[in-house]
Structure formats: structure tokens, C-alpha cells
Amino acid sequence: MSLAHDAWAYRPFVTEDAGVATAGRFELETSWDHLAWPNGHRDDVLLLVNTYGATERLEVAVEAPYVFHNDRGTASSGNGFGDVTLTSKLRLAPERGARPAATLKGFVKLAHASVRQDLGTGAAHYALAGVASKTLGAVV
């Protein structure tokens, strides 16, 4: 006997590599998330991530979510920008031979979006992560 259930991945289930954006170049990433909660509430989120290669070793990015929040007509329903996240990634060491590339990535989530409309959390968040990646043929 076995039990099986659907499984769905949701951000922040992401991957990260140790690469940084090319110096002097902008990258734009967009995504759309649709969330339907069991209580009938819905959220749609348009995420815009603008990344800039500041140097050969450093990239900076701004992640700006635009949230369409619907709590079935309650006062907390609203649309607007959610909490913005600022990130930077510094390459510490390039990949060489058997040694993987190493990067340090920092995050600051600002607490400026409306908590009353459920567009933000009301608290700033900070994180620091170490990243290592190795290329093995066509796989990173």
C-alpha cells in the first residue's frame, strides 16, 4: 500500500550558481505566480528581477514583486508592490581544475509594503549565503 499526493514547488525553491552577471550588462527576469488557498483567497504575483553586473566579480539586483491580493472582498484585499529585496553577489574564486567556483550572496528584504493589505510582512529580513558550483561537462 502506498499513499501519493500532488507536490508543487513554490518560490523560494530556486537554484543558485556561483556565476555573476557580465560587467556592464543588465539582466531582466520575470515570473508570474498564481496561488489559490483552501479558504478561497487568491494571490497573483508578477516578480521583476533586474540584475546589473557592476564589475567582473560583483552583481547587484532588485527584486520587485507586484501583488494582486484577493481576500474575497475583505479590507485586506489590494494590489500593489510587495516588499522589495536587494541582493548582491560577489565571486570569491573562479572555477579552476577540480576546484568549484565560490560566491558570497547577501539579501536585504525591505519592509515598506502595506501589511494591512497583506502586500508585505512588516519586517525587514537579512540573509547571507555561500554558493559553490562546479561544471561537469554540460551539467553545473
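In what follows, every heavy atom counts, from backbone to side chain, and hydrogens, waters and symmetry copies are set aside. These numbers were taken from a predicted model, which means no experiment stands behind them.
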So salt bridge (Lys or Arg N to Asp or Glu O under 4.0 Å) across residues 49-64, not counting sequence neighbours, yields none

Just wondering, do T85 and V108 contact through their side chains at under 4.5 Å, heavy atoms?
no

Check for me, please, whether V84 and W32 land in the same ILVMFWY cluster - side-chain distances under 4.5 Å, paths through other members count.
no

To the nearest 0.5 Å, tell me how far K109 NZ sits from D83 CG.
3.5 Å

Any sub-3.5 Å donor-acceptor pair from T103's side-chain atoms to A18's backbone N or O?
yes

Audit row: L28, V49, side chain to side chain contact (heavy atoms under 4.5 Å, CB included) steps and yes/no
CA-CA 6 Å; L28 178 63; V49 182; 6.0 Å; no

Say whether E95 and S133, considering side chains only, have a donor N or O and an acceptor N or O under 3.5 Å apart.
no

Which heavy atom of A113 sits nearest a heavy atom of G82, and at what distance?
CB-C, 3.4 Å

Can L110 be reached from F107 by stepping across I, L, V, M, F, W or Y side chains whose heavy atoms are under 4.5 Å apart?
no

Donor-acceptor under 3.5 Å (T55 side chain, L58 main chain)
yes

Salt-bridge present (K134, D17; N to O < 4.0 Å):
no

Within-4.5 Å side-chain heavy-atom neighbours: Y66 and N79:
yes

Distance (rounded to the nearest 0.5 Å) between F68 CZ and L119 CG
10.5 Å

Spacing of CG belonging to L46 relative to OG belonging to S31, to within rounding of 0.5 Å:
7.5 Å

Side chains of T51 and K89: is there a donor and an acceptor less than 3.5 Å apart?
no

Work out which heavy atom in E27 is nearest to a heavy atom in A21; give both atom names and the distance.
OE2-CB, 3.6 Å

Flag, side chain of R25 to backbone of A54, donor-acceptor distance under 3.5 Å:
no

How far apart are the closest heavy atoms of A124 and A111, and which atoms are they?
N-CB, 3.5 Å

What distance do D44 atom CG and L35 atom CG have between them, rounded to the nearest 0.5 Å?
7.5 Å

Does any non-hydrogen side-chain atom of L128 lie less than 4.5 Å from one of L104?
yes

